Every structure is written in structure tokens, then in C-alpha cells.
Protein chains: 2
Amino acid sequence: MSAEGCLDTDEERTWDAATLAFRLLDQQVERDVQASSGLPLTYYELLVLLSKADHRSLRMSELAEVTHTRPSRISHAVGKLAEGGFVERVHCESDRRSWFAKLTDKGVETLRTAGAEHVRSMRENMFDLLSPEQRAQLLDISRTLLDRLAPGTQDHATRVLRGL
Amino acid sequence: MSAEGCLDTDEERTWDAATLAFRLLDQQVERDVQASSGLPLTYYELLVLLSKADHRSLRMSELAEVTHTRPSRISHAVGKLAEGGFVERVHCESDRRSWFAKLTDKGVETLRTAGAEHVRSMRENMFDLLSPEQRAQLLDISRTLLDRLAPGTQDHATRVLRGL
DNA sequence: CAGGGATATTTCAGCGAGCAACTATTCAGC
DNA sequence: GCTGAATAGTTGCTCGCTGAAATATCCCTG
């Protein structure tokens with residue numbers, strides 16, 4: 001009647017708990033960041049990436065690649081961010097198909113306060129709850145998963161952000 | 001220039017890795033489940049919950065509570081699932097404000113194949129990659145986070161699914 | 001047992017993300 | 001150089017989720 005699957009009970013519990021925990025974590029941090037900056041978490045993350053890049057700018061395609069999302073999302077998102085004045089589009093001289101998204105001064109300013117709130121929320125909802133061992137374990141587990149889900153990405157991401 | 005935040009580098013790395021890993025994991029499993037059943041992962045999860053409940057049915061409000069999402073989502077989702085014939089709405093006699101969503105035979109059948117694919121994907125993208133220690137660590141970490149993000153939920157969920 | 005506040009659900013409008021189709025530019029080969 | 005394939009981005013449409021307002025029913029108090 002009840003046991004529908006061929007699941008190992010322990011696996012199922014782990015899946016359910018982990019899935020729910022990280023969804024709720026994302027949602028909570030999203031609420032906090034949005035309340036402090038007005039920006040959706042994923043938009044805020046784009047600003048963070050730009051702030052770390054040389055000249056505070058990245059190509060649309062680089063943003064899509066680093067975030068593992070579709071070009072159309074970046075196009076929409078940068079459009080909104082540009083409307084809000086957080087970002088400006090800069091035409092690439094060497095390849096005129098390409099555009100840079102460049103963080104504006106307003107973007108930097110917004111990022112300062114939003115970043116503080118992001119850190120606070122991150123700590124409150126995650127790091128303060130975990131022991132140092134658990135943090136290390138989580139990093140290890142996440143990297144293990146990423147090795148399969150986004151192979152060769154960690155190196156690549158830093159390469160992009162350091163200017164190839 | 002580059003270091004924008006007051007973040008501990010280790011914390012930032014852990015946050016980035018964990019966030020990305022579990023987002024990609026969700027997306028990958030979603031793709032697999034959708035390819036095999038045509039259902040979004042979150043809709044499939046509703047069917048799983050119903051299959052575990054007494055009489056294969058739960059109140060709308062129970063579905064909302066257990067999944068930690070908004071009633072309006074359940075309303076839309078059950079509407080779609082009912083259109084597809086996976087679920088039927090049953091009016092509650094004792095409280096006529098309330099409706100049950102009840103899994104149909106077609107729903108059970110769909111769930112059989114989708115469930116197999118879900119388990120396969122879960123294993124391929126998660127459990128097969130982790131050591132037994134890591135699985136235990138992840139369960140522990142997830143529960144720690146859930147204690148704060150959804151306090152008193154684990155008991156509650158099982159209570160709902162066992163009929164109060 | 002009538003009135004009012006709580007509760008269960010639906011409906012509507014708006015947002016972020018993805019897919020597919022389209023435009024514009026670059027590049028490779030003849 | 002010119003044609004055609006590949007690449008960079010954008011646009012339009014659909015989908016699932018949320019928040020707020022609306023509807024229906026229940027329950028408590030007087």
C-alpha cells in the first residue's frame with residue numbers, strides 16, 4: 001500500500017532532506033537579499049560576478065557559462081539590470097557580435113549593502129548552524145557532485161574571472 | 001578592486017559550491033523525470049506524497065504544508081494533474097471547504113515508471129558519487145539546516161502522512 | 001441562532017527561466 | 001572575395017511559483 005518504490009529508505013530520507021533543505025535555504029536567502037536590495041538572488045549573483053571580473057565587466061556568453069544558465073536568461077536579466085541602472089551594455093570592439101555587461105557605480109553601491117545582507121543571511125541560515133567539520137564535509141560533498149554535474153568548471157570559472 | 005565583500009573565502013567557496021551543486025542536481029533530476037513521465041519534478045513529488053498517504057489522498061492544505069509551498073501552487077498543480085488524469089478532486093464531506101486530491105490508477109501507473117527513473121537519476125547523480133560516510137554527513141547536515149528552516153517538520157510530515 | 005472572525009481554496013496578475021526561432025557578425029574554404 | 005556554416009545575442013511564447021484579492025464554509029461568541 002504505502003511503499004511505492006524500490007528505494008533504499010536511507011537514500012530516500014537523505015534525498016528528501018537534502019533537497020528540501022537546500023531549496024528552503026535558497027528561498028530564505030533570496031527573501032533576505034530581495035528585501036535589502038530589491039533584486040532577485042540570481043540577479044544579485046550576476047552583479048557579484050561582474051564585481052569580481054576585470055573592468056567590472058563580462059561578456060554575455062561568459063555570464064551564461066559561469067552561471068550554467070541559458071543565454072536568453074542573461075539577455076533578459078541584463079536587460080532588467082540595465083533598466084535599473086545597475087549595469088550598462090558595452091559593445092565589444094574586437095567582435096561586434098558580442099556585448100559586455102559592465103557594473104555601474106550604482107551597481108557597486110547596491111552590491112555593497114546587498115552583499116552585507118547576503119553574508120549575514122548566509123551565516124544565519126547556514127554557517128552558524130554547522131560545525132567546522134560539517135562545513136568542510138559540505139564543501140567536499142559539493143565538489144564531488146560538481147565534478148559530475150559541471151565537469152572541469154571550477155578551474156574554468158576562475159579562469160574566466162581572472163581574464164582567461 | 002576584486003575583493004568586494006567581507007566574506008571568509010572558505011565560507012564563500014562552500015556557499016558557491018553547495019548552492020550550485022544542489023541547483024544543478026535538481027535540474028538534472030528534473031530533466032530525467034520529465035523525460036520519462038512528462039511531469040515536472042515538483043508535480044511528480046506531489047504524486048509521491050499522495051501514494052504514501054492513506055487512501056492515496058491528501059487535503060490541499062496538507063500538500064501545501066508538507067511541501068512548504070503556497071496553497072495557490074497546489075491549486076494550480078492539482079488542477080493540471082487532474083486535467084492529465086493523474087489525480088481526481090474529492091470533496092470532503094466533513095468540511096465542505098476542503099478538497100482531497102486523490103491519486104488515480106493512471107497516476108499510480110505513471111508513478112511506477114517515473115519513480116524508477118527518479119531513483120536511477122538520484123543514484124547516478126548523487127548516491128553513486130558519494131561514500132557511505134558522505135551520505136551520512138549530508139543527511140546530518142541537511143537535518144541540521146532543516147531544524148532552523150522548517151522547525152518541527154520532520155515529525156510533522158510523517159504525522160500527516162500517517163493520518164494525523 | 002445571527003454576526004464576525006478564522007480557515008480552505010481558488011483566481012488573477014506578474015516574474016524569472018527555458019526553448020525555439022530569428023538577426024547579426026565572424027570565420028573557413030573554395 | 002564570396003558563399004555557407006558557426007557563433008553571439010535577442011525576442012516571443014509558455015510554464016511553474018508567488019502574493020494579493022476574492023469566495024465559500026466553518027466555528028465561536030453573545
Side-chain angles (χ1 to χ4, degrees), chain A residues 20 23-24 26-35 37-47 57-84 86-102 160, chain B residues 20 23-24 26-35 37-47 57-84 86-102 160:
Chain A
L20 183 57
R23 278 184 202 166
L24 292 180
D26 234 54
Q27 286 171 17
Q28 184 58 52
V29 175
E30 162 111 42
R31 270 191 294 272
D32 291 342
V33 167
Q34 187 135 29
S37 69
L39 294 172
L41 180 58
T42 52
Y43 284 21
Y44 159 82
E45 287 169 347
L46 293 179
L47 298 190
S57 68
L58 288 170
R59 286 192 171 80
M60 306 299 279
S61 50
E62 292 172 326
L63 283 171
E65 199 173 6
V66 173
T67 58
H68 294 272
T69 58
R70 305 294 163 194
S72 67
R73 178 182 91 89
I74 304 300
S75 200
H76 289 300
V78 169
K80 290 270 190 184
L81 288 170
E83 271 180 33
F86 305 104
V87 145
E88 57 185 352
R89 292 173 192 269
V90 179
H91 208 165
C92 174
E93 290 307 319
S94 63
D95 181 346
R96 287 166 55 196
R97 293 171 300 181
S98 199
W99 291 82
F100 290 96
K102 180 173 161 85
V160 165
Chain B
L20 183 58
R23 278 185 202 166
L24 293 179
D26 236 53
Q27 287 172 17
Q28 183 59 53
V29 174
E30 161 111 42
R31 270 191 294 273
D32 290 343
V33 168
Q34 187 136 28
S37 68
L39 294 171
L41 180 57
T42 53
Y43 285 20
Y44 160 81
E45 288 169 347
L46 293 179
L47 298 190
S57 68
L58 287 171
R59 283 190 172 80
M60 307 299 278
S61 49
E62 292 173 326
L63 283 171
E65 200 172 4
V66 173
T67 57
H68 294 270
T69 58
R70 305 295 164 196
S72 66
R73 179 182 88 91
I74 305 299
S75 200
H76 289 301
V78 169
K80 288 269 190 182
L81 288 170
E83 271 181 33
F86 304 105
V87 145
E88 56 186 351
R89 291 173 192 268
V90 179
H91 207 167
C92 174
E93 289 308 319
S94 62
D95 182 345
R96 286 166 56 198
R97 293 171 300 181
S98 200
W99 291 83
F100 290 96
K102 180 175 162 80
V160 165

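Side chains included, hydrogens not; waters and symmetry mates left out as well; all remaining heavy atoms used. No experiment lies behind these values; they were computed from the predicted model shown. Letters A, B, ... are given to chains in the order of the sequence lines, protein chains preceding strands, and every chain is numbered from 1.
Between the P atom of C:dT10 and the CD1 atom of B:Ile74 lies a distance of 10 Å, rounded to the nearest Å. The CD-P distance, from B:Glu93 to C:dA8, rounds to 17 Å in whole Å. If you measure from atom CE of B:Met60 to atom C1' of C:dT9, you get 7 Å, rounded to the nearest angstrom. For the pair A:Leu41 CG and D:dT18 C1', the computed distance is 16 Å after rounding to whole Å. A straight line from NE2 of A:His91 to P of C:dA24 spans 12 Å, rounded to a whole angstrom. Going from atom CD of B:Glu62 over to atom P of C:dT7 covers 16 Å, rounded to whole Å. Nucleotide D:dC17 holds its C1' atom 14 Å from the CD atom of B:Glu45, rounded to whole Å. Separating the CZ atom of B:Arg59 from the P atom of D:dT25 is a distance of 16 Å, rounded to the nearest angstrom.
Close to D:dG9, at under 4.0 Å from its OP1 or OP2, lies a side-chain N or O of A:Ser61.
A:Arg23 comes within 4.0 angstrom of no nucleic acid atom, judged by non-hydrogen atoms across all strands.
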| note | Per-nt protein contacts along nucleotides 13-23 of chain C (heavy atom under 4.0 Å; B base, S backbone sugar-phosphate only, - none) come out as ---SSBBB---

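The number of heavy-atom neighbours closer than 6.0 Å to CZ of A:Arg31, taken from other residues, nucleotides and ligands shown, is above 12. The neighbour count for A:Arg89 CZ, taken as heavy atoms of other residues, nucleotides or ligands under 6.0 Å away, is above 12.
Here CD of B:Glu62 is found 7.5 Å from OG of B:Ser98. Values are rounded to the nearest 0.5 Å.
Under the 4.0 Å criterion applied to side-chain N and carboxylate O atoms, A:Arg23 and B:Glu45 are assigned as salt-bridge partners. In this structure, A:Arg59 does not pair ionically with A:Asp95, as no charged nitrogen and carboxylate oxygen lie closer than 4.0 Å.
When atom types are taken as modelled, the side chain of A:Glu30 and the backbone of A:Leu41 share a donor-acceptor pair closer than 3.5 angstrom.
A residue-by-residue look at A:Ser98 and B:Asp95 shows that A:Ser98 has its nearest nucleotide of DNA chain D further toward the 5' end.
Looking at B:Arg97, its side chain comes within 3.5 Å of the base of C:dT7 through a donor and an acceptor atom.
In this structure, B:Leu20 and A:His68 approach most closely via the heavy-atom pair CD2-CD2, 3.9 Å.
Checked against C:dT9, D:dA8, D:dT25, the side chain of B:Arg96 finds its nearest nucleotide in D:dT25.
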